[in-house]
2 protein chains.
Amino acid sequence: MGEAETFEALRLELRRGSLVLAVLARLRSEQYGYSLRMALAEDGIEMEESTLYPLLRRLESQGLLTSEWREEAKRKKRFYRLSAEGEAVLARLHAEWRRISASLETVLA
Amino acid sequence: MGEAETFEALRLELRRGSLVLAVLARLRSEQYGYSLRMALAEDGIEMEESTLYPLLRRLESQGLLTSEWREEAKRKKRFYRLSAEGEAVLARLHAEWRRISASLETVLA
DNA sequence: TCATACACTGTGTGTCACACACCATGTGAC
DNA sequence: GTCACATGGTGTGTGACACACAGTGTATGA
């Protein structure tokens with residue numbers, strides 16, 4: 001594996017954990033999969049649909065999200081939003097992220 | 001899985017990608033496994049030996065680290081430090097981390 | 001008919017944590 | 001002096017699990 005591939009693999013790894021946090025945060029207001037993906041991309045967090053959809057289902061099965069299958073603009077879409085438990089977990093994850101972030105700043109300094 | 005375990009799993013996931021970055025950064029100056037672990041713990045990044053050692057070997061096999069088996073204080077230790085390629089990758093990862101960090105700040109705001 | 005919007009699945013690969021194994025050295029109890 | 005034990009130090013094997021890739025499929029409007 002060359003340096004480019006090595007870097008790319010590590011980049012993905014680094015980005016990985018932040019996906020959940022970003023998704024949870026965005027779903028404080030209701031969104032459906034596609035619009036969520038677009039919104040996150042605009043903020044600089046891009047992910048494949050094949051990453052996002054399984055993630056949403058996983059988070060829902062963990063009780064952090066609730067979803068509703070609804071029609072809007074003549075299309076059926078699955079709308080997700082944060083559950084109460086999801087809010088609690090998001091708050092804790094946010095705090096944890098601040099901790100990690102601060103630690104990394106120290107090490108990288 | 002209760003909320004506590006769910007959070008713990010996500011916390012680990014969030015921390016995951018930062019390990020490589022922290023290790024690479026710390027190895028800008030030479031260290032052996034144990035001292036590296038202690039140093040990182042002091043900065044708030046704790047990891048098991050069974051996580052650290054395989055990680056070190058992996059990074060070395062990717063050419064990002066070099067190691068040397070040396071005796072110090074009557075004990076044989078394996079000393080690691082960043083290779084030139086490692087420095088390059090570290091710089092790029094650092095930049096990428098800043099990007100992700102900024103994106104998360106936006107989403108979390 | 002072709003692009004875009006939208007949702008989903010199956011599989012492969014790779015990483016981390018847990019539990020464990022192994023050896024060396026210093027130290028205090030007896 | 002020797003035995004137990006903590007501490008320092010380096011590893012392995014396995015299982016769980018998450019992401020990315022590639023692909024499937026439907027609906028809509030231009």
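Every chain is numbered from 1 and lettered A, B, ... according to where its sequence line falls, protein lines coming before strand lines.
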Proximal nucleotide (of [options]) relative to the [X] side chain:
X: L55(B); options: dA7(C), dC16(C), dA17(C); result: dC16(C)
X: R78(B); options: dA19(C), dT10(D), dC6(C); result: dT10(D)
X: K77(A); options: dT9(C), dC6(C), dT12(D); result: dC6(C)
X: E13(A); options: dA22(D), dC16(C), dA17(C); result: dC16(C)

* Asked: Crowded around E42(A) CD? As in, over 12 foreign heavy atoms under 6.0 Å?
  -> no
[X] [atom1] to [N] [atom2], straight-line distance once rounded to whole Å:
X: R75(B); N: dG26(C); atom1: CZ; atom2: C1'; result: 8 Å
X: E48(A); N: dG12(C); atom1: CD; atom2: P; result: 19 Å
X: W69(B); N: dC23(C); atom1: CH2; atom2: P; result: 13 Å
X: L10(B); N: dA18(D); atom1: CG; atom2: P; result: 8 Å
X: K74(A); N: dT28(D); atom1: NZ; atom2: C1'; result: 9 Å
X: E8(B); N: dA18(D); atom1: CD; atom2: C1'; result: 17 Å
X: L14(B); N: dA18(D); atom1: CG; atom2: P; result: 14 Å
X: R15(A); N: dG14(C); atom1: CZ; atom2: P; result: 17 Å

Distance test, side-chain N/O of [X] to OP1/OP2 of [N], below 4.0 Å:
X: Y32(B); N: dG9(D); result: yes
X: Y34(B); N: dT10(D); result: no
X: R16(B); N: dG14(C); result: no
X: R58(A); N: dC19(D); result: yes

* Whichever of P54(A) and L12(B) has its nearest DNA chain C nucleotide further upstream toward 5' -> P54(A)
May I ask you to say whether [X] pairs ionically with [Y], meaning some side-chain N is under 4.0 Å from a carboxylate O?
X: R99(A); Y: E96(A); value: yes
X: R11(B); Y: E8(B); value: yes
X: R70(A); Y: E30(A); value: yes

* To do: Using the closest heavy atom to pick a nucleotide of DNA chain D for each, name whichever of T51(A) or T51(B) lands nearer the 5' end.
  => T51(B)
* So, T6(A) versus Q62(B): side-chain donor-acceptor pair below 3.5 Å or not? -> no
* Which part of the nucleic acid, if any, lies within contact of E49(A), taking any heavy atom under 4.0 Å across all strands shown: a base, the sugar-phosphate backbone alone, or nothing? -> base
* Give one of base, sugar-phosphate or nothing for Y80(B), where a contact means two heavy atoms less than 4.0 Å apart. => sugar-phosphate
